[in-house]
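Because only heavy atoms are used, hydrogens play no part in the values below, and waters and symmetry mates are left out as well, while side chains stay in. A, B, ... follow the sequence lines: proteins, then strands. Residue 1 opens every chain.
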Amino acid sequence: MLKTHNCGDLRVADVGETVTLAGWVHRRRDHGALIFLDLRDRSGLVQVTCNAQGTPAAHAVLNTVRGEYVIQVQGGVRDRPAGLTNPNLPTGEIEVVAESAQILNEAHTPPFYINEDVEIDEALRLKYRYLDLRRPVMQQNIILRHQVVSFIRKFLDGRDFLEIETPMLIKTTPEGARDYVVPSRVHPGSFYALPQSPQQLKQLLMVAGYERYFQIARCFRDEDLRADRQPEFTQLDLEMSFVDREDVMALIESLYIALIEALGSKPILAKPFLVLTYAEAMARYGSDKPDLRFGMELVDLGDLSGGSEFKVFSEALAAGGQVKAIVAPGCADFSRRQLDDLGEQVKRFGAKGLVWIARKGDGSVKSAAARFLSESELAAIFERTGAGLGDLVLIVAAANRSVIARSLGELRLALGQQLGLVRRDVHALCWVVEFPLLEWSEQGGRWTAMHHPFTSAMDEDWPLLESDPGRVRAKAYDLVMDGWEVGGGSIRIHRRDRQQAMFRALGIGPEEAEEKFGHLLEAFEFGAPPHGGIATGIDRTVAILAGTTSIREVIAFPKTASATDLMFRSPSEISEAQLRELHLSITA
RNA sequence: GGGGACGUAGUGUAGUGGUUAACAUGUCGGCCUGUCAAGCCGAAGAUCGCGGGUUCGAACCCCGUCGUCCCCGCCA
């Protein structure tokens, strides 16, 4: 080894030791005959010093080094003189007096600061990702990610799980996201698909009798990107035989509690995790991934507004819709401009408008709708919503219930952040269960699986699959953390007849089912055990633990929003020869 | 596919129609033996993303285009 110690590990206990260090010049403070420099390696920083009289050999070398030079230093660890310690550095009580030093490699001045935390254009960071990753913040993120994955492996190994790899070159499936596809050289005109998840493979491992499987699995989906979505991402993929819903949930709950308590920096707001049905989550939070770090729940005003003079209310209800409200605490004095902005926000989600009622501090009521609402109606609204003096009641009425949920749910999130109501000092996790098995696709004109086509219905709901598919609830569960969907899973179908019934409900005919899923259907006839599992997002989990809002911050080499890699400059064209070999021609 | 924001020395920003594009920091040089965002003095460093247009005159206004980010659609 070119070094005997790590920079960041040196302490007072090492005083008197002779050490050899190697690392990057983080910062240099040159007093002429006296030089200080902060030497950095993965473990952290330590101050190295030398002077022209006492250590001339080292001084001659360190006089020429610059930022990010890679150097090696030999010297003794000593206590810093009294009053000269640096409490901001874990190594701040000691320093290394360099006796000699060598330049291992010179470095250009980097295109951005590695030794300072300033905002840098993300495109530049991605172009020089290897320098970006050198920054201490990024190193912490990547190290945290390693710790999370390592923790999960140990946890599951201790509970009798087997880590089993599954292929990356599989087969395109109907349903779900757009596949990334790989042309076959050997079979002209045929393609592999990269897995959107190892879903079928892990089910087949259950049929194979492995009982408890997991994998830190890379997944690929060719869909547009977001701050929390990359074309390739990593899941903890897990499957168990002979379990019911509660078994999988209990296992993952204990894993996440242990994980957060071991590696997170914030306490968990409530244990055990709250379990909400999908219907409840939508009703109370207007979202299937509610952020429980603050209140501001949606309140139903339907029974108060049935006979209202206010047609916005009564007509929505007559059309089978709802009238619902949230209370923005202390916002009664919002300006007209602010209220208009809130109105614009809900319109994005299909609401015709936002009804606002300001209950002023002096007890007076201000509202554009006030003349349509009686005293008693107002009083009832204030009582139901709990709106006090100084609060602002925000109401959406619509015939379409999902419009109300969506618009008030998003408004709740926006206001929660804007008003600083979201508790940043805790993590809040919950389960959302009993999702609808199917949802109607307007553009497809058919039912689609809300989770995936292998999800089992609730036992008592199976009879509804043909008669009333929209009412069938799934044995599915989502894990939600701080308003992010971090995981989702289900008990699977393990009987051929039920799987066929599911395909039928999805409009997949017998021939197509045989062609696309024949292997699975056949496997179910050879003794498939009842089984279920879950997949949780490693990128999202680490991002939340790291306190960042983009998963790119916890992925070593992420892609841009347009799915390019700025360092490799990928995707890129391939040669004519490669195209020929793959039997491909470019038409675009 | 759609909407929005941004693009100015290496980096982060200011400049919203008028002389030589400003500030901080970094870089380079000089001085300096206790700094830790070292300090002091000096110097260099800009195709104002790119193309077109309006104007006597454009970093600034307009159109297009490229790139990055955020959102909608999409994401079983």
By nearest nucleotide on RNA chain B, pick out whichever of A/Arg348 and A/Thr49 is the more 5' one.
A/Thr49

Toward the 5' end of RNA chain B, by each residue's nearest nucleotide, A/Thr85 or A/Glu122:
A/Thr85

For [X], which contact category applies under a 4.0 Å heavy-atom criterion: base, sugar-phosphate, or nothing?
X: A/Arg80; result: base
X: A/Arg226; result: base
X: A/Ala52; result: nothing
X: A/Thr448; result: nothing
X: A/Arg78; result: base
X: A/Arg125; result: nothing

Expressed as a whole number of Å, how far does the C1' atom of B/G10 sit from that of B/U27?
8 Å

Whole-Å P distance, B/G45 and B/G53
31 Å

Would you mind writing out the side-chain donor-acceptor pairs for residues 70-79 of chain A within the sub-3.5 Å range, not counting sequence neighbours?
from    : atom 1 : to       : atom 2 : distance (Å)
A/Gln72 : NE2    : A/Leu2   : O      : 2.7
A/Gln74 : OE1    : A/Ser100 : OG     : 2.5
A/Gln74 : OE1    : A/Gln102 : NE2    : 3.3
A/Gln74 : NE2    : A/Gln102 : OE1    : 3.2
A/Arg78 : NE     : A/Glu95  : OE2    : 3.1
A/Arg78 : NH2    : A/Glu95  : OE2    : 3.0

Could you let me know what [N] is paired to, Watson-Crick or G-U wobble, both distances under 3.5 Å, or none if it's on its own?
N: B/G67; answer: B/C6
N: B/G34; answer: none
N: B/C23; answer: B/G12
N: B/C75; answer: none
N: B/G42; answer: B/C28

Would you tell me whether A/His519 and A/Gln200 have side-chain atoms, one donor and one acceptor, within less than 3.5 Å of each other?
yes

When you measure from the side chain of A/Pro81, which nucleotide among B/A37, B/C69, B/G34 comes out closest?
B/G34

Taking the minimum atom-to-atom distance to the side chain of A/Leu84, which one of B/C28, B/G34, B/C75 wins?
B/G34

On a heavy-atom basis, the closest approach of A/Arg129 and A/Ala556 is NE-O, 2.7 Å

Residues two or more places apart in sequence or in another chain: which of them pass side-chain hydrogen bond (donor to acceptor under 3.5 Å, both in side chains) with [X]?
X: A/Glu553; result: A/Arg125
X: A/Thr455; result: A/His452, A/Ser490
X: A/Ser407; result: none
X: A/Glu122; result: A/Arg552

What is the distance, to the nearest angstrom, from the CD atom on A/Glu442 to the C1' atom on B/C74?
16 Å

To the nearest angstrom, how far is A/Gln417 atom CD from B/C71 atom P?
11 Å

What string of B, S and - do you get for nucleotides 4-11 of chain B, 5' to 3', if B is base contact, S is sugar-phosphate-only contact and - is no contact with any protein heavy atom under 4.0 Å?
------BB

A/Arg412 charged N/C atom sitting above A/Phe294 aromatic ring, 6.0 Å / 45°:
yes

Restricting to nitrogen or oxygen on both sides, can you table the protein-nucleotides 64-67 of chain B pairs closer than 3.5 Å?
none

Residues touching RNA chain B, which here means a heavy atom under 4.0 Å, drawn from residues 28-45 of chain A
A/Arg29, A/Asp30, A/His31, A/Gly32, A/Ala33, A/Leu34, A/Phe36

Sequence neighbours excluded, every pair satisfying side-chain hydrogen bond (donor to acceptor under 3.5 Å, both in side chains) that has a member inside residues 29-38 of chain A
A/Arg28-A/Asp30, A/Arg29-A/Asp38, A/Arg29-A/Gln47

Pairs where residues 224-233 of chain A contributes a residue and the test side-chain hydrogen bond (donor to acceptor under 3.5 Å, both in side chains) is met, not counting sequence neighbours
A/Arg218-A/Glu232, A/Glu232-A/Lys559

Please confirm whether any donor atom in the side chain of A/Arg229 sits under 3.5 Å from an acceptor in the base of B/C75, or the reverse.
yes

Considering only heavy atoms and no angle criterion, is a donor-acceptor pair shorter than 3.5 Å present between the side chain of A/Glu95 and the base of B/G34?
yes

Is there side-chain contact between A/Val96 and A/Leu10, with at least one heavy-atom pair below 4.5 Å?
yes

Atom pairs and distances, side-chain donor-acceptor, residues 501-514 of chain A, under 3.5 Å, sequence neighbours left out:
none

Sequence-distant partners of A/Glu223, salt bridge (charged side-chain N to carboxylate O under 4.0 Å, His left out), two or more places apart
A/Arg178

